[in-house]
Amino acid sequence: MKNLVVGAGFSGATIARKIAEELGQKVVVIDEKSHIGGNSYDYRDKNGIMIHKFGSHIFHTSLEPVWQFISQFTSFNTYMHKVIAIIDGVETNIPFNFKTLYDVFPHTLARRLEEKLLAKFEYNKKVPILEFQKQEDEDLKFLANYVYEKVFLHYTTKQWGVDPNEVDGAVTARVPVYLSCDPRYFQDKYQGIPLNGYTETIKNMLDHPNIEVRLNTKYQDISETFDRTFYTGPIDEFFNFEFGELPYRSVNFKFEEYDKEYYQSNACVNYPCNYDFTRIHEYKYYLDDKSDKTVIAKEYSEFFERGKNERYYPIPNEESALLYAKYLEKAKTLKNVYFLGRLGDYKYYDMDKAIARALELFEKIKGE
Ligand code: UDP
């Protein structure tokens, strides 16, 4: 069997590798870009700093099969991501947790709030902001309004163009109110940054005698026939947008280089309430790169427009779900074409979930 994989990001590389290795079949992987890696693409710049071209990527998973799979292609450092937010000029932790209380409030107020929270919630519980807002106690109501306003309202409006009540609850629930002292962004068992970067990891995944990679190649450029196609590109584009375009948010990174060792105190600093950008990434932290220069990127969110910018985030809401369902119905009528990945499934996957989805699809198709 001859297989075509469209897209050389994590989803495409995972399905390609499994087919090439376990089924011993030929796989051609194409990508319209000039590089592999999709949006996880990274490279070392002239200062030796590993830059994540399309925004910070931190690998984290609790899925054993995913960790086993990716660990064949890279080693990881033990970096555990923390996010700092500047709230009213104070550097504190996101997700909002017990430590944050003491950073932003006078001690006696923080203590009262902490006691009330401990009386009401189980320790270590993660509460999505939209649920956390439903408080009856006056102090907790004050706290919920504070967190909503200072952490979520403006950041979400910048990021999605609408306020948190209009964004699918699952999106803001990614960053809950965390009734804990754990300052990390993720609580997964496995976390880290690939020691030689994401591009190198994906290169290793694709480095197999049964895999041929063709860059700068669009799906429309392919004239030969394949027995199966695995499509990780946008599902609406595959069908020539016949039901309409699926909406996406895009991001614009403005890179700046500074002649000093560090620009900020942490790899990622969020500015929920200030400026037009959402956050600043400082890349040298991820692999502890040493240089007397530093490179940062300010992240600006915008709507995706074809030909203008890239697709980053599917926008989960009722309307887009209905539109996606139409494409999915149509996709099911095709024989030997499979959709996967953030764009193929129109799902806000993290890297580990994209790999998990590709591994599951492989299990499904391997006997076919
Ligand atoms: N969010 C927020 N304030 C923050 C961080 C996150 O309001 O300081 C909300 C925002 O709506 C964002 C969502 O939580 O889109 C998910 O954040 P996450 O950091 O998981 O997004 P990603 O890193 O995937 O862009």
Side-chain angles (χ1 to χ4, degrees), residues 9-10 38-40 52-61 80-88 90-97 100 103-104 126-133 144-178 183-188 191 193 198 247-253 264 266-281 283 286 297-304 310-317 341-343 347-354:
F10 268 112
N39 279 5
S40 59
H52 299 187
K53 183 162 180 199
F54 304 99
S56 289
H57 281 69
I58 294 96
F59 196 85
H60 59 99
T61 193
M80 292 199 186
H81 197 46
K82 289 181 195 154
V83 171
I84 296 290
I86 313 261
I87 298 179
D88 293 345
V90 174
E91 284 201 358
T92 188
N93 258 130
I94 295 285
F96 199 98
N97 65 19
T100 323
D103 287 338
V104 299
K126 291 177 173 170
V127 189
I129 185 63
L130 298 182
E131 190 186 321
F132 193 68
Q133 279 178 300
N145 288 339
Y146 182 93
V147 178
Y148 178 80
E149 154 84 23
K150 301 289 182 186
V151 177
F152 289 94
L153 176 60
H154 307 290
Y155 188 106
T156 300
T157 307
K158 282 191 267 186
Q159 168 69 25
W160 298 95
V162 289
D163 79 47
N165 294 304
E166 289 177 62
V167 175
D168 188 294
V171 171
T172 42
R174 288 168 60 92
V175 184
V177 175
Y178 192 19
R184 297 168 305 168
Y185 210 53
F186 310 112
Q187 278 65 47
D188 292 303
Q191 314 191 18
I193 309 290
Y198 290 98
Y248 285 89
R249 289 296 283 179
S250 186
V251 207
N252 181 8
F253 292 98
Q264 58 191 23
N266 192 54
C268 182
V269 177
N270 288 10
Y271 289 83
C273 302
N274 296 98
Y275 310 113
D276 295 332
F277 50 81
T278 49
R279 51 191 171 185
I280 300 182
H281 310 263
Y283 293 109
Y286 291 125
K298 292 179 178 160
E299 178 172 338
Y300 295 84
S301 204
E302 56 194 26
F303 273 109
F304 162 72
E310 299 284 332
R311 295 173 176 87
Y312 279 76
Y313 299 93
I315 304 182
N317 59 33
R342 251 195 203 200
L343 309 182
K347 284 204 178 63
Y348 188 172
Y349 289 134
D350 288 331
M351 290 179 281
D352 67 325
K353 301 293 187 318

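When reading the values below, keep in mind they use all heavy atoms of this one structure, side chains included, and skip hydrogens, waters and symmetry mates. For ligands, and for the atoms within them, numbers begin at 1 and follow the listed sequence.
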Q: Tell me which one of Thr278, Ile87, Val151 gets a heavy atom nearest to atom 3 (N) of ligand 1.
A: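 Nearest heavy atom to atom 3 (N) of ligand 1 lies in Val151.
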Q. Who's closest to atom 13 (C) of ligand 1 heavy-atom-wise, of Val171, Val251, Val269, Ile94?
A. Val171
Q.
Classify the ring geometry of Phe277 against Tyr275: parallel below 30°, tilted from 30° to 60°, perpendicular beyond 60°.
A.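 The arrangement is parallel - the two ring planes meet at less than 30°.
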Q: Evaluate the ring planes of Phe10 and Phe59, with Trp represented by its six-membered ring, and classify them as parallel (under 30°), tilted (30 to 60°) or perpendicular (over 60°).
A: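 Ring orientation of Phe10 relative to Phe59: tilted.
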Considering distance alone, does some N or O of [X] sit under 3.5 Å from an N or O of ligand 1?
{"X": "Arg174", "value": "yes"}
{"X": "Asn270", "value": "yes"}
{"X": "Thr172", "value": "no"}

Under 4.0 Å from any heavy atom of [X], which atoms of ligand 1 are there?
{"X": "Gln159", "result": "15 (O)"}
{"X": "Trp160", "result": "11 (O), 12 (C), 15 (O)"}
{"X": "Tyr348", "result": "21 (O), 22 (P), 24 (O), 25 (O)"}
{"X": "Arg279", "result": "19 (O), 22 (P), 23 (O), 25 (O)"}

[atom]: which protein heavy atom is closest, and how many Å away?
{"atom": "atom 17 (O) of ligand 1", "result": "Val175 CG2, 3.4 Å"}
{"atom": "atom 1 (N) of ligand 1", "result": "Tyr155 CD2, 3.6 Å"}
{"atom": "atom 25 (O) of ligand 1", "result": "Tyr313 OH, 2.4 Å"}
{"atom": "atom 18 (P) of ligand 1", "result": "Tyr185 OH, 3.6 Å"}
{"atom": "atom 9 (C) of ligand 1", "result": "Thr156 OG1, 3.8 Å"}

Q. Between the side chains of Glu299 and His281, does any donor sit under 3.5 Å from an acceptor?
A. yes
Q: Go through the structure and list residues passing side-chain contact (heavy atoms from CB on, under 4.5 Å) with Asp88, not counting sequence neighbours.
A: Tyr146, Lys150
Q) Counting distance only, does the side-chain N/O of His154 pair as donor-acceptor with the main-chain N or O of Thr278 below 3.5 Å? A) no
Q: Provide the full list of salt bridge (Lys or Arg N to Asp or Glu O under 4.0 Å) pairs with a residue in residues 162-172, sequence neighbours left out, each pair given once.
A: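 Qualifying pairs, neighbours excluded: none.
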Q: Compute the ring centroids of His52 and Tyr198, then answer whether they are less than 6.0 Å apart.
A: yes
Q.
Would you say the rings of Tyr348 and Tyr313 are close, in the sense that their centroids are separated by under 6.0 Å?
A.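 Yes, the ring of Tyr313 comes within the 6.0 Å limit of the ring of Tyr348, centre to centre.
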Q. Does atom NZ of Lys82 have more than 12 heavy-atom neighbours, drawn from other residues, nucleotides or ligands, at distances under 6.0 Å?
A. no
